[in-house]
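The chains referred to below are lettered A, B, ... by the order of the sequence lines, with proteins before strands, and numbering in each begins at 1.
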Amino acid sequence: DILQKKIYEEAGCEFNINSPKQLGKVLFEDLKLGTPKKTKTGYSTDVGVLEDLASEHQLPELILEYRSLSKLKSTYIDALIDLIKEGKGRVHTSFNQAVAATGRLSSSDPNLQNIPIRTEVGRKIRKAFVAEPDMLLLSADYSQIELRVLAHLSKDEVLIDAFKNNEDIHTITASQIFGIKLKDISKEQRAAGKTVNFATIYGQGAFGLSKQLSIDVAEAKRYIDAYFKRYPKVDIYRDMVLSKARETGFVETLFERKRFVPDLNSKNIMVKQAAERAAFNTVFQGTAADIIKKAMIKLHMELPDKCADAKMLLQVHDELLFEVSNKHVDILKPYVKDVMENVVQLDIPLIVDIGVGASWVDVY
DNA sequence: GGCATCACG
DNA sequence: ACGTACGTGATGCCC
Ligand SMILES: [Mg+2]
Ligand SMILES: [Mg+2]
């Protein structure tokens, strides 16, 4: 309410802050800020646009804070409270096995795969997910599984070496693209290395990377060129996957899950390039999904024997969350780690980080 | 019910 | 000149 009042003061009028249409009018017509951008229906007011406008006026930052709080309240606080089972203190989701095109699971009604964690306020919401009395939550999370799968599939020696030596891949990439020694990489450079690693697996271009890192396009292009120069097999592997897929009409994961991508032969360049990004990404997003599914099946079969009072609660793409008695947590921990790390054998090790705690923020 | 936005991996 | 990062689901607005 306080934020709302401040927003009306800064705007010089009252309006529905949740309406992008009304907000766009206030920002771009009344206040005449920035250079209005695009959407099908009007001005864009998304987080990237508002961040750019923040240098010109107080209002955008207030809107961003309002948006963030409003999202957390409506999507999580208000909605989840109504779904808590009477007297049980538990919420139940549906996991959908045939929705995501890559082979991932999805979760709905409610979605428990997108519970907040990235902000301070968000973590307060996640903290409400707790174990029963005398029980603990145990989270087991694959470390950089998609990049490891990419290393395996592409057979790139530098990537494989890095993972075999259990080095920090984001620091390695930073060192490669900046041409600086590992030990001299700063926090900021490591963060840029991380962004560039993600840029590759999503097929991001210089334009997108430059926006994300707030650098100019030429600089971003240098990073991307340096990446493919240092990890040459990744580039070759991408070409190989896509040329095969153009002929067969599909891409497949290491375990032969197929995704048909007809737009790979589109004559519309934009459509074709979007299909290429989706197709390439599917190979390792899908392989990672196959791996965690194999681990879940094995755990499901063996858990009654190995640790009868442990429950597998959630899967969040590269994480499994369990509830287990205080008494048996030390049995569960090495067992889950071993199953997840060794359910498949690749040319690089898979690493699983395990954490234990009373709530879903205390497990990290 | 489409669109814009934003929560997660 | 244009558009530009993969995969999801829920919410509020607006028609
Ligand atoms: Mg992880
Ligand atoms: Mg994770």
Side-chain angles (χ1 to χ4, degrees), chain A residues 15-24 37-50 63-64 66-80 82-83 93-96 98-119 121-123 125-126 139 141-147 150 195-213 217 220-221 224 251 259 261 268-286 288-289 292 314-321 360:
Chain A
F15 63 103
N16 186 342
I17 307 166
N18 290 317
S19 164
K21 191 171 169 222
Q22 294 183 37
L23 176 62
K37 297 271 291 284
K38 37 76 196 214
T39 63
K40 284 171 197 167
T41 53
Y43 305 121
S44 171
T45 67
D46 69 18
V47 57
V49 170
L50 293 178
I63 301 287
L64 284 170
Y66 181 94
R67 281 250 180 92
S68 164
L69 294 175
S70 166
K71 171 71 107 190
L72 295 176
K73 182 173 188 297
S74 65
T75 306
Y76 301 100
I77 301 176
D78 295 342
L80 284 172
D82 292 337
L83 294 170
T93 185
S94 296
F95 282 107
N96 313 301
V99 170
T102 56
R104 278 187 171 184
L105 300 183
S106 80
S107 159
S108 60
D109 310 298
N111 183 356
L112 294 183
Q113 289 182 320
N114 71 344
I115 297 303
I117 190 171
R118 293 176 189 174
T119 68
V121 180
R123 283 190 286 276
I125 291 170
R126 179 169 287 228
S139 165
D141 187 314
Y142 281 108
S143 166
Q144 290 132 14
I145 187 168
E146 290 186 6
L147 287 169
L150 176 63
T195 302
V196 172
N197 279 331
F198 278 105
T200 329
I201 65 183
Y202 299 144
Q204 189 175 43
F207 175 86
L209 185 63
S210 73
K211 281 216 102 177
Q212 187 158 345
L213 290 176
V217 177
K221 185 170 183 308
I224 291 172
V251 286
R259 177 180 180 178
V261 192
N268 179 325
I269 294 292
M270 298 303 301
V271 171
K272 177 174 162 146
Q273 289 180 342
E276 289 177 344
R277 293 190 296 268
F280 186 54
N281 180 267
T282 291
V283 179
F284 34 94
Q285 185 180 125
I292 195 169
L314 294 176
Q315 187 251 47
V316 191
H317 309 306
D318 69 348
E319 171 187 10
L320 296 178
L321 187 72
W360 200 8

Check salt bridge (Lys or Arg N to Asp or Glu O under 4.0 Å) between [X] and all other residues, then give those that pass, not counting sequence neighbours.
X	value
Glu319(A)	none
Lys73(A)	Asp78(A)
Arg277(A)	none

Report task. May I ask you to verify if any side-chain N or O of Thr75(A) is less than 4.0 angstrom from the OP1 or OP2 atom of dT11(C)? Result ->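 Indeed not, no polar side-chain atom of Thr75(A) lies that close.
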Query raised in the report: Should Lys21(A) be listed as having a side-chain N or O under 4.0 Å from OP1 or OP2 of dG12(C)?
Result: no
Report task. Applying ring pair (Phe, Tyr, Trp, His ring centres under 6.0 Å), name anything that partners Tyr142(A), two or more places apart in sequence or on another chain. Result ->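 With neighbours one apart ignored, the set is empty.
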Query raised in the report: Partners of Lys21(A) by side chain to side chain contact (heavy atoms under 4.5 Å, CB included), sequence neighbours excluded?
Result: Ser19(A)
Query raised in the report: With Ser107(A), which residues qualify under side chain to side chain contact (heavy atoms under 4.5 Å, CB included), at least two apart?
Result: Thr93(A), Phe95(A), Asn111(A), Leu112(A), Gln113(A)
Nearest-Å distance, [atom1] ([X]) to [atom2] ([N])?
X	N	atom1	atom2	value
Asn16(A)	dC15(C)	CG	P	12 Å
Tyr43(A)	dT5(B)	OH	P	14 Å
Leu209(A)	dC6(C)	CG	P	14 Å
Phe95(A)	dG7(C)	CZ	C1'	16 Å
Gln22(A)	dT5(B)	CD	C1'	16 Å
Ile269(A)	dT4(C)	CD1	C1'	13 Å
Phe198(A)	dC6(C)	CZ	C1'	11 Å
Asn268(A)	dC2(C)	CG	P	15 Å

Query raised in the report: Given side chains that start at C-beta, do those of Asn114(A) and Tyr76(A) come closer than 4.5 Å, heavy atoms only?
Result: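 The answer is yes; the side chains approach within 4.5 Å.
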Query raised in the report: If you check the Thr39(A) side chain, which of dT5(B), dC6(C), dG9(C) turns out closest?
Result: dT5(B)
**Report entry** Partners meeting side-chain hydrogen bond (donor to acceptor under 3.5 Å, both in side chains) with Thr75(A) (sequence neighbours left out)
**Finding:** none
Quick one: label [X] by what it contacts on the DNA or RNA (base, sugar-phosphate, nothing), any heavy atom closer than 4.0 Å.
X	answer
Ala206(A)	nothing
Ala101(A)	sugar-phosphate
Ser70(A)	nothing

**Report entry** Considering all heavy atoms, the nearest Ala220(A)-Leu209(A) contact
**Finding:** O-CD2, 3.8 Å
Report task. Find which nucleotide of DNA chain C each of Thr195(A) and Ser108(A) is nearest to by heavy atoms, and output the residue with the more 5' nucleotide. Result ->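 Of the two residues, Thr195(A) wins.
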Write down the protein N/O and nucleotide N/O pairs, taken from nucleotides 6-9 of chain B, whose separation is under 3.5 Å; answer none if there are no such pairs.
{"from": "dC6(B)", "atom 1": "OP1", "to": "Arg67(A)", "atom 2": "NH1", "distance (Å)": "2.9"}
{"from": "dC6(B)", "atom 1": "OP2", "to": "Val47(A)", "atom 2": "N", "distance (Å)": "3.0"}
{"from": "dC6(B)", "atom 1": "O4'", "to": "Lys71(A)", "atom 2": "NZ", "distance (Å)": "3.1"}
{"from": "dC6(B)", "atom 1": "O2", "to": "Lys71(A)", "atom 2": "NZ", "distance (Å)": "3.0"}
{"from": "dA7(B)", "atom 1": "N3", "to": "Asn114(A)", "atom 2": "ND2", "distance (Å)": "3.0"}
{"from": "dC8(B)", "atom 1": "OP1", "to": "Ile117(A)", "atom 2": "N", "distance (Å)": "2.8"}
{"from": "dC8(B)", "atom 1": "OP1", "to": "Arg118(A)", "atom 2": "N", "distance (Å)": "2.8"}
{"from": "dG9(B)", "atom 1": "OP2", "to": "Arg118(A)", "atom 2": "NE", "distance (Å)": "3.3"}
{"from": "dG9(B)", "atom 1": "OP2", "to": "Arg118(A)", "atom 2": "NH2", "distance (Å)": "3.1"}
{"from": "dG9(B)", "atom 1": "O3'", "to": "Val316(A)", "atom 2": "O", "distance (Å)": "3.3"}
{"from": "dG9(B)", "atom 1": "O3'", "to": "Asp318(A)", "atom 2": "OD1", "distance (Å)": "2.7"}
{"from": "dG9(B)", "atom 1": "N7", "to": "Arg118(A)", "atom 2": "NH2", "distance (Å)": "3.2"}
{"from": "dG9(B)", "atom 1": "N2", "to": "Arg104(A)", "atom 2": "NH1", "distance (Å)": "3.2"}
{"from": "dG9(B)", "atom 1": "N2", "to": "Arg104(A)", "atom 2": "NH2", "distance (Å)": "3.4"}
{"from": "dG9(B)", "atom 1": "N3", "to": "Arg104(A)", "atom 2": "NH1", "distance (Å)": "3.1"}
{"from": "dG9(B)", "atom 1": "N3", "to": "Arg104(A)", "atom 2": "NH2", "distance (Å)": "3.2"}

Query raised in the report: What base-paired stems does DNA chain C take part in, with at least 3 consecutive Watson-Crick or G-U wobble pairs and both distances under 3.5 Å?
Result: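 As far as DNA chain C goes, consecutive pairing (with distances under 3.5 Å) yields the stems B:1-9 with C:6-14.
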Report task. For Asn197(A) and Gln144(A), run side-chain contact (heavy atoms from CB on, under 4.5 Å): C-alpha distance rounded to whole Å, both residues' side-chain angles, the deciding distance at 0.1 Å, then the answer. Result -> CA-CA 10 Å; Asn197(A) 279 331; Gln144(A) 290 132 14; over 6 Å; no
Query - Spacing of the P atoms in dT4(C) and dT5(B) (rounded, Å) - result: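 After rounding to an integer number of Å, I get 14 Å for this pair.
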Report task. Could you measure between the two P atoms, the one in dC2(C) and the one in dA7(B), and give it in whole Å? Result ->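 Approximately 30 Å lies between the P atom of dC2(C) and that of dA7(B).
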